[in-house]
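Data first, discussion second: the structure below is written as structure tokens.
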Amino acid sequence: MIFGTSEIAEIAHFYLNCDSEHEVVGFTVDEDHLKTESFYNLPVVPYEKLEKYYSPDEYKLFIAISYQQVNKLRAEKYLNAKNRGYSFISYISSQAFYYGKSVGENCFIMENNVIQPFASIGNNCLLVGVNSIAHHCVINDHCFLTSNVVLGGGSNIGEYTFLGLNTTIRNYINIGKENIIGAGSIILSDTEDRAVYSPGETPKFEVPSDLVRI
């Protein structure tokens with residue numbers, strides 16, 4: 001079962017169907033978000049009544065929620081389902097280069113991620129494509145890495161952290177809990193909990209494009 005019918009759920013359904021041993025049998029959402037009875041020709045059932053349709057003794061879940069509320073919404077659903085007795089799948093793309101130490105439950109690791117030896121990834125983490133996770137890195141629970149993130153060897157990423165596109169973390173850096181590291185950031189020293197980093201947008205050139213020689 002996949003929790004959600006958003007873009008993340010669509011992506012999860014695609015990868016699990018074409019590149020895993022798992023069979024997606026349906027979707028579940030909160031009852032007040034239930035707007036359709038089917039999604040990709042599979043049933044959508046209210047999460048509050050999930051046990052009635054899909055017993056935790058027979059079915060596993062994947063919580064397909066993005067990074068809203070610094071990953072706390074996904075964590076809330078993951079922990080709630082766990083308390084209700086459900087277990088979870090994790091997915092590592094066949095096109096990823098995985099040599100790591102461990103990956104927790106409810107993780108999703110897409111293609112062209114490079115995860116070097118002795119790196120560990122906690123529970124409920126999402127890694128979009130083309131990230132470089134160096135040796136001995138630790139990614140703690142409930143993190144979200146977008147694309148082209150580079151983690152230097154031995155770096156430690158605190159719980160609930162979001163790492164934006166093209167983020168670079170120097171080796172042996174400790175990133176605090178609940179950090180938001182914006183696109184293009186370069187982090188060269190340890191960060192505090194709940195820190196926010198953003199290098200800002202590239203300023204617009206004052207000359208119009210038809211007057212620029214390229």
Side-chain angles (χ1 to χ4, degrees), residues 2-3 8 11-12 15-16 18-22 60-67 70-72 74-79 81-83 86-181 185-195 197:
I2 294 176
F3 181 97
I8 293 291
I11 291 168
Y15 282 105
L16 292 175
C18 71
D19 186 41
S20 84
E21 72 279 13
H22 303 293
K60 294 185 178 183
L61 281 176
F62 177 70
I63 308 297
I65 298 177
S66 189
Y67 45 78
V70 200
N71 299 300
K72 290 185 178 179
R74 190 174 72 257
E76 177 186 330
K77 292 299 181 186
Y78 161 73
L79 294 171
K82 193 174 182 69
N83 288 335
Y86 284 95
S87 55
F88 306 85
I89 69 158
S90 282
Y91 165 79
I92 302 175
S93 169
S94 64
Q95 304 301 312
F97 297 89
Y98 175 76
Y99 306 100
K101 179 180 178 182
S102 61
V103 172
E105 56 188 17
N106 204 65
C107 288
F108 212 85
I109 299 172
M110 297 185 198
E111 71 275 11
N112 294 323
N113 278 280
V114 177
I115 301 170
Q116 291 185 346
F118 311 109
S120 62
I121 298 171
N123 298 316
N124 196 36
C125 293
L126 274 69
L127 281 68
V128 185
V130 200
N131 297 299
S132 178
I133 314 302
H135 61 89
H136 295 92
C137 284
V138 175
I139 300 174
N140 288 284
D141 295 350
H142 318 304
C143 289
F144 192 108
L145 280 66
T146 55
S147 292
N148 295 299
V149 171
V150 177
L151 303 184
S155 55
N156 188 302
I157 310 302
E159 295 177 347
Y160 299 98
T161 287
F162 169 85
L163 299 181
L165 298 166
N166 294 300
T167 294
T168 298
I169 310 292
R170 198 181 70 178
N171 55 310
Y172 300 104
I173 294 298
N174 293 309
I175 300 297
K177 298 177 182 178
E178 300 180 39
N179 274 210
I180 298 174
I181 312 293
S185 295
I186 299 174
I187 306 298
L188 303 179
S189 58
D190 294 351
T191 71
E192 300 174 355
D193 292 349
R194 301 174 63 195
Y197 291 83

So side chain to side chain donor-acceptor pair (under 3.5 Å) across residues 126-150, not counting sequence neighbours, yields N113-N131, N124-H142, N140-N156
Counting N and O atoms only, with roles assigned by atom type, does the side chain of T168 sit under 3.5 Å from a partner on the main chain of I186, one being a donor and the other an acceptor?
no
Measure the shortest side-chain to side-chain distance between M110 and L126 over non-hydrogen atoms and say whether it is less than 4.5 angstrom.
no
What verdict does the side-chain contact (heavy atoms from CB on, under 4.5 Å) test give for V103 and I115, after you've listed the backbone C-alpha separation in whole Å, the side-chain angles of each residue and the deciding distance to 0.1 Å?
CA-CA 10 Å; V103 172; I115 301 170; 5.6 Å; no
Identify, with sequence neighbours excluded, every residue that meets side chain to side chain contact (heavy atoms under 4.5 Å, CB included) alongside I180.
V70, F162, V196
Is the shortest side-chain heavy-atom distance between F144 and L163 below 4.5 Å?
no
If you look only at pairs with a residue in residues 99-109, which of them pass as a salt bridge (charged side-chain N to carboxylate O under 4.0 Å, His left out), with sequence neighbours excluded?
K82-E105
Answer yes or no: is there a side-chain heavy-atom contact under 4.5 Å between F108 and L16?
yes
For S87, enumerate each residue passing the side chain to side chain contact (heavy atoms under 4.5 Å, CB included) test, keeping only those at least two apart in sequence or located in another chain.
K60
Would a 4.5 Å heavy-atom cut-off, applied to side chains only, mark V149 and L127 as touching?
no
Counting distance only, does the side-chain N/O of S120 pair as donor-acceptor with the main-chain N or O of S102 below 3.5 Å?
no
Can you list every salt bridge (charged side-chain N to carboxylate O under 4.0 Å, His left out) pair that touches residues 152-175, not counting sequence neighbours?
none
Residues forming a side-chain hydrogen bond (donor to acceptor under 3.5 Å, both in side chains) with E111, sequence neighbours excluded
Y15
Tell me if the aromatic rings of F62 and F3 count as close, with their centers under 6.0 Å from one another.
no
Taking only residues two or more places apart in sequence, or in another chain, which ones meet D190 in a side chain to side chain contact (heavy atoms under 4.5 Å, CB included)?
I173, N174
Go through the structure and list residues passing side-chain hydrogen bond (donor to acceptor under 3.5 Å, both in side chains) with S94, not counting sequence neighbours.
D19
Mind checking salt bridge (charged side-chain N to carboxylate O under 4.0 Å, His left out) for K77 and listing every partner two or more places apart, or none if nothing turns up?
D30
Contacts of Y86 meeting ring pair (Phe, Tyr, Trp, His ring centres under 6.0 Å) (sequence neighbours excluded), chain-then-number -> none
Side chain to side chain contact (heavy atoms under 4.5 Å, CB included) partners for S155, two or more places apart:
C137, L151, I169
Please identify each residue that fulfils side-chain hydrogen bond (donor to acceptor under 3.5 Å, both in side chains) with K72, with sequence neighbours left out.
E178
Identified side-chain contact (heavy atoms from CB on, under 4.5 Å) partner of Y197 from the options T167, N179, I175:
N179
